[in-house]
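Below: the structure, in structure tokens.
Throughout, a chain's letter reflects where its sequence line sits, starting with A, and its residues are numbered from 1.
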Protein chains: 2
Amino acid sequence: MPTTPKASAALARQAWGRMFDYLMRTAPERSRALGRRGLTPNDARGLASLDRDRGRTMRSLAGEWECDASNATWIVDRLERFGFAERRTIASDRRVKLVVLTVKGERVRAELLDEFHTPPPGLLRLSPRDLAALARALEKLGGV
Amino acid sequence: MPTTPKASAALARQAWGRMFDYLMRTAPERSRALGRRGLTPNDARGLASLDRDRGRTMRSLAGEWECDASNATWIVDRLERFGFAERRTIASDRRVKLVVLTVKGERVRAELLDEFHTPPPGLLRLSPRDLAALARALEKLGGV
DNA sequence: TATTGTTATACTCTATAACTATA
DNA sequence: TATAGTTATAGAGTATAACAATA
């Protein structure tokens, strides 16, 4: 395939722009999926940042969420009230709290992710060939 | 290409899941792009829903945003305070307000869209072949 | 003295209900 | 009487600053 860096950049912008627009167009459905569960986008992000095993300090969560520590306290309080997360203390430094998901929290997290990963109906109208090309190209995008 | 509906659905889920995850991973950068301009996600959605010509009634905006009419009032008030939008009255029904973008509002809207459409660096590491396949498949997704 | 996290507080955002103007 | 939009008000979410506990 004959090409130049400039042409490549133009293709990338085209592809990305379309991906972005498509995601934006499907945003209301995700918003409703949260609403049905009485959750906010913040709650979903909170669930996404946590797991059952690896405890996260309040500080690191505030860093990831680019918010104030007091706001992280508020968000985790909320997840705890839902029964989705819990704070644990560690012996080595009693100032620190480690936040982990509860069983319930992990279940809701998985449910949400499954729903968010369900392709919009329009995508199924693409040919298997196009779908395969899409999946393959996006796989290479993996860690970058 | 030999395939079945089931295999096709699996491919679609794979492609969509990867697209979704990639978009989520790049969300903080978009959040910062808004923050640099002192704008909220709501402001961006407001700008995206409006243009210079086609006036939108408050009611239709509230419908699109799936929020209460009073909240739409609040959002448009905010855009007006920024100088991004203005309300116009029409002679045929003096209850109705039509909201349009100002020149400034359109400029900021275009700036934001341009920034959001700028592909993340990782995308440029894909081969021209993959980028073309991506752009081509996504183009077919156009209106669905 | 520095760091982790919470509490106090004010400000912004969002929704429900009451209201004004027009149809 | 019904509809478009705004205002009044209360509640939820987010930030800054002061604080308590531990290192």
Can a donor-acceptor pair be found, under 3.5 Å and without considering hydrogens, that links the side chain of [X] to the backbone of [Y]?
X        : Y       : result
B:Arg30  : B:Leu23 : yes
A:Thr57  : A:Lys97 : no
A:Arg37  : A:Ala33 : yes
A:Arg56  : A:Val99 : no
B:Arg94  : B:Thr89 : no
A:Arg109 : A:Leu50 : yes
A:Asp21  : A:Arg18 : no

Work out how much the helix from C:dT1-D:dA23 to C:dA23-D:dT1 bends between its end axes, five pairs an end, to the nearest 10 degrees.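 Between the axes fitted at each end of the helix from C:dT1-D:dA23 to C:dA23-D:dT1 lies an angle of 10°.
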
5'-most by nearest nucleotide on DNA chain D - A:Asp43 or A:Ser92: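 Nearer the 5' end of the strand: A:Asp43.
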
Want to settle it: does A:Ala91 or A:Ile75 sit nearer the 5' end of DNA chain D, counting the closest nucleotide to each?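 Closest to the 5' end, via its nearest nucleotide, is A:Ile75.
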
Describe, in one word, how the ring planes of B:Phe20 and A:Phe116 are oriented to each other, choosing from parallel (under 30°), tilted (30 to 60°) and perpendicular (over 60°).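 B:Phe20 and A:Phe116: tilted rings.
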
Over how many whole Å does the gap from A:Asn71 atom CG to C:dC13 atom P extend?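 The answer, rounded to whole Å, is 14 Å.
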
Which whole-number value in Å describes the distance from B:Trp65 CH2 to C:dA15 P?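 Going from CH2 in B:Trp65 over to P in C:dA15 covers 12 Å.
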
May I ask you to say whether A:Arg13 pairs ionically with B:Asp114, meaning some side-chain N is under 4.0 Å from a carboxylate O?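 A salt bridge links A:Arg13 with B:Asp114.
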
Test: A:Glu139 and A:Arg136 ion pair at under 4.0 Å: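 Result for this pair is no, no salt bridge flagged.
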
Taking atom types as modelled, is there a side-chain donor on A:Asn42 or A:Thr40 under 3.5 Å from an acceptor on the other?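 No, no side-chain donor-acceptor contact under 3.5 Å.
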
Using the closest heavy atom to pick a nucleotide of DNA chain C for each, name whichever of B:Ala69 or B:Trp74 lands nearer the 5' end.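 Nearest-nucleotide comparison on DNA chain C picks B:Trp74.
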
Check if the side chain of A:Arg95 and the base of C:dT3 share a donor-acceptor pair of N or O atoms closer than 3.5 Å.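 When only heavy-atom distances are counted, A:Arg95 does reach the base of C:dT3 through a donor-acceptor pair under 3.5 Å.
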
What is the first contacted nucleotide of DNA chain D and what is the last, in 5' to 3' order, if contact means an atom lying under 4.0 angstrom from a heavy atom of chain B?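 Counting from the 5' end, contacts occupy D:dA2 to D:dT7.
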
Let's see if you get this right: which residues in residues 77-84 of chain A place a heavy atom under 4.0 Å from DNA chain C?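 Result for residues 77-84 of chain A: none.
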
Mind checking A:Arg59 for me? I need base, sugar-phosphate or nothing, with any heavy atom below 4.0 Å counting as a touch.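 Result for A:Arg59 = base.
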
When we call it a touch if two heavy atoms are under 4.0 Å apart, what does B:Asp68 touch: a base, just sugar-phosphate, or nothing?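 The residue B:Asp68 makes base contact.
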
